[in-house]
2 protein chains.
Amino acid sequence: MDEKHYSIGEFANMTGLSTYTLRYYEQEDLIVPQRDENNRRYYTVLDLKWIGFLLHLKGTGMTMEQIEDYVSLRKQGDQTIDERIDLLKNVQKDSLAKIEEMQKNLKVLSDKINWYEGKKNNTINDDFETYQNRINQGDQKDE
Amino acid sequence: MDEKHYSIGEFANMTGLSTYTLRYYEQEDLIVPQRDENNRRYYTVLDLKWIGFLLHLKGTGMTMEQIEDYVSLRKQGDQTIDERIDLLKNVQKDSLAKIEEMQKNLKVLSDKINWYEGKKNNTINDDFETYQNRINQGDQKDE
DNA sequence: TTACAACTTAAAGTTAACTCTAAGTCAATT
DNA sequence: AATTGACTTAGAGTTAACTTTAAGTTGTAA
């Protein structure tokens, strides 16, 4: 099983990454495809899952460097599991904070849109600041 | 009122931006401070609110270019309100999509952490893929 | 046999959004 | 008198994460 082989070109199409990027990731030790009898790279469905996971990590805001650290820990075996957990928990925390921050920013944006709409149809006369204060009565504001 | 004046250095401290950045934003027409009798920039509390709003826009993922477009529309007066609403709604849509994407990525990350913890204390024997499938039974997966 | 896809190394280019330097001026403060 | 902070223009440097080019090699396919 798992015997299907994909060339770098095919794999690029499957993952949405360019062949350049795939080679670049390999240079950074993030993926290590196997080689055929002509020294050509080939990727398998396992590589596909792995890349999928990497892209999820990237998508949380993890930098290449952090991902490289994580991959390096993985290579060192099970005794690094606690370190990996620590690393991922840190990323989790940062990612959560980032999402919350974005939600705050989005809230201001949405308020602004509503304010514009209200201005247009004359249901709002306040200036934006006043409108915000009125509409967000009782909300906690930290920062 | 609103008579307090802040030098660029003070204003940099208040906003967390550098004086370089402030001058750069000015170059890009994002803020236009006033000048005193010696041609020195000064900023007011209105500028502070404005920068605050800009930073919220930035925080939604809006690029400088989009912000510059928005500011340019503002300068053209009330007849551009519809365009501004369109622009902001687009940003809102993108920002929301981005947040949702990040939440998906964070979910995978959290699953991974839980999987590691479960592996550590022997409450999980599945490999990660199997664990994910088991734990996320009945979830929609689009993409 | 011509084209195509992959292979290599090394290095340069790209993008956004700053960030900093140079080099000289000016006004206020110590 | 010296320091400090701000002013100017123009241009160079920074960072991350690719992206592309060069320049030559090799194997498979039409």
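For the numbers below, each heavy atom of this structure counts, side chains included, while hydrogens, waters and symmetry mates do not. Bear in mind that the values here come from a model prediction, so they are computed numbers and not experimental data. Note on naming: letters A, B, ... go to the chains in the order of the sequence lines (proteins, then strands), and numbering restarts at 1 for each one.
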Round to the nearest Å and state the distance from Y43(A) atom OH to dA5(C) atom C1'. 14 Å
Considering only residues two or more places apart or on different chains, which pairs with a residue in residues 120-129 of chain A satisfy side chain to side chain donor-acceptor pair (under 3.5 Å)? K120(A)-D82(B), N121(A)-T123(A), D126(A)-R134(A), D127(A)-T130(A)
Report the distance from atom CG of D36(A) to atom P of dT26(D), rounded to the nearest whole Å. 16 Å
Short N-O contact, K107(A) and D111(A), less than 4.0 angstrom: yes
Would you indicate, yes or no, if dA6(C) has its OP1 or OP2 atom less than 4.0 angstrom from a side-chain nitrogen or oxygen of R23(A)? no
Only counting residues at least two apart or in another chain, list the ones meeting ring pair (Phe, Tyr, Trp, His ring centres under 6.0 Å) with Y20(B). none
Can you pull out how bent the helix from dT1(C)-dA30(D) to dT30(C)-dA1(D) is, comparing the axes over its first five and last five pairs, to 10°? 10°
List every contact pair, protein side and nucleotides 19-29 of chain C side both N or O, where the distance is under 3.5 Å.
| from | atom 1 | to | atom 2 | distance (Å) |
| --- | --- | --- | --- | --- |
| dT19(C) | OP2 | T21(B) | OG1 | 3.2 |
| dA27(C) | O3' | N38(B) | ND2 | 3.4 |

d(CD, E10(B); P, dT4(D)) in whole Å: 18 Å
List in chain and number order the residues that pass ring pair (Phe, Tyr, Trp, His ring centres under 6.0 Å) with Y42(B), two or more places apart in sequence or in another chain; answer none if no residue qualifies. H5(B)
For the pair made of CD1 in I67(A) and P in dC18(D), what is the distance, rounded to whole Å? 8 Å
Mind checking T19(A) for me? I need base, sugar-phosphate or nothing, with any heavy atom below 4.0 Å counting as a touch. nothing
Nearest-nucleotide check on DNA chain D, I8(B) vs E65(A); residue mapping nearer the 5' end is I8(B)
Taking only residues two or more places apart in sequence or in another chain, which ones pass ring pair (Phe, Tyr, Trp, His ring centres under 6.0 Å) with F11(B)? Y43(B)
Looking for any heavy atom pair under 4.0 Å, which part of the strands does Y25(B) touch: base, sugar-phosphate only, or nothing? sugar-phosphate
Taking everything shown except E65(B) itself, do over 12 heavy atoms lie less than 6.0 Å from its CD? no
Looking at E26(B) and R35(B), is there a salt bridge between them, counting it only when a charged N and a carboxylate O are closer than 4.0 Å? yes
Got a salt bridge between E117(B) and K112(B), using NZ or NE/NH1/NH2 to carboxylate O under 4.0 Å? no
Counting just side-chain N and O atoms, does R41(B) come under 4.0 Å of either OP1 or OP2 of dA6(D)? no
Tell me: CZ of F11(A) to C1' of dA5(C), nearest whole Å? 17 Å
Minimum heavy-atom distance T60(A)-V91(A), with the two atoms named: OG1-CG1, 3.5 Å
Is any side-chain nitrogen or oxygen of K58(B) closer than 4.0 Å to OP1 or OP2 of dC18(C)? yes
With a 4.0 Å limit, can you tell me whether S7(A) has a side-chain N or O closer than that to the phosphate oxygens OP1/OP2 of dA6(C)? yes
Round to the nearest Å and state the distance from L22(B) atom CG to dG5(D) atom P. 16 Å
